[in-house]
Amino acid sequence: MRIQIEELRDRARQAHRLWEACILCGRRCQINRRERAGLCRAGNQAVVASYGPHWGEERPLVGTGGSGTIFFSYCNLSCVFCQNFDISHEAEGEEVDGARLGAIILSLQKQGCENINLVSPTHYVPVILDGLTQAAEKGLHVPIVYNSGGYDSLEILQLLDGIIDIYLPDFKFASDDLGQRFCGVKDYASVAKAALKEMYRQVGLPQLDEEGTAQKGLIIRHLMMPALPDNTLDAIRFIVDEVSPQSWVNVMAQYYPAYRAEEHPPIDKPLSRREYLQVIKQIKLLGPELKLLNGL
Ligand code: SF4
């Protein structure tokens, strides 16, 4: 975190004001979250589904102590292929206020986690800033990771400037049409593209310590989908042309048809290894300077 505690308190206050006519994400419901839930179904309390050290994240985030993940319930997107639908569609977990969240954050740091990894944070940013304030007052010092679906409003990202050290967004679809079909929002690609550029403006390319653990920077995740090679290539083209040709990108190969994907061809089947490797070859031609974290 690169801002002083007073500034952090002020950002938390500003975030709470954005909650009164909610524009935290691209849906821009403009409803008062103090009074009722938005389209994300999240109300005025953050719900934590689970938390703990996690070794399944990208290598630079894991280090020796693991990434201190905090999984938040509900989601601002409605992806038909959601692989965490038990968390994103149900309010499973513990309702937390800033004090409780601050205690969770500090407990992860105390366990030796390399960072605090906020998973699906967008719809709870005001409570998250309360929690970070409480934790910062008591010695929080590890990097903060913002692990979102990429559908974040520019207003909320600007409030996070200087607070988030590592952005870890998804970039699921490069066209609004595909976002409408598979994520349930009309402008996924437009919002995510603006978000990626803002995130890069704030933190730039990843910076590692001597042990190879990330301290700052943008790492983009893209889940390759079956029979949609052009989507992946369009996403990479955008990253190379509009973010940075040296971007760090995790092109993930683990797609399988979870949740309601079986009703939505062509994503009703797993991604084959052959298709993945063919597209990776093309990615390397499009972006020879990219750092591919999961390229085989
Ligand atoms: S976070 Fe997004 S979906 Fe949820 S209430 Fe706010 S604008 Fe609506």
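Numbering of residues begins at 1 and proceeds along the displayed sequence. Order of listing sets the numbers, starting from 1, for every ligand and every atom in it. These figures come from a predicted structure and were not determined experimentally.
- Against a heavy-atom cut-off of under 4.0 Å, Arg33 is close to the following atoms of ligand 1: 1 (S), 4 (Fe), 5 (S), 6 (Fe).
- The ring pair (Phe, Tyr, Trp, His ring centres under 6.0 Å) pairs that include a residue from residues 198-253 are Phe171-Phe238, where partners are two or more places apart or lie in different chains.
- Between Ser67 and Pro53, every side-chain heavy-atom pair lies at or beyond the 4.5 Å cut-off.
- Protein contacts to atom 2 (Fe) of ligand 1 involving N, O or S atoms at a distance below 2.8 Å are Cys25 SG.
- Under the 30°/60° scheme for interplanar angles, the aromatic rings of Phe85 and Tyr259 are found to lie parallel.
- Checking Glu289 against Gln246 by side-chain atom types alone, a donor-acceptor pair falls below 3.5 Å.
- Note: the hydrophobic cluster containing Leu159 also contains Ile3 (ILVMFWY, side chain heavy atoms under 4.5 Å, direct or indirect links).
- Between Tyr188 and Tyr151, the two ring planes are parallel [angle under 30°; tilted spans 30° to 60°].
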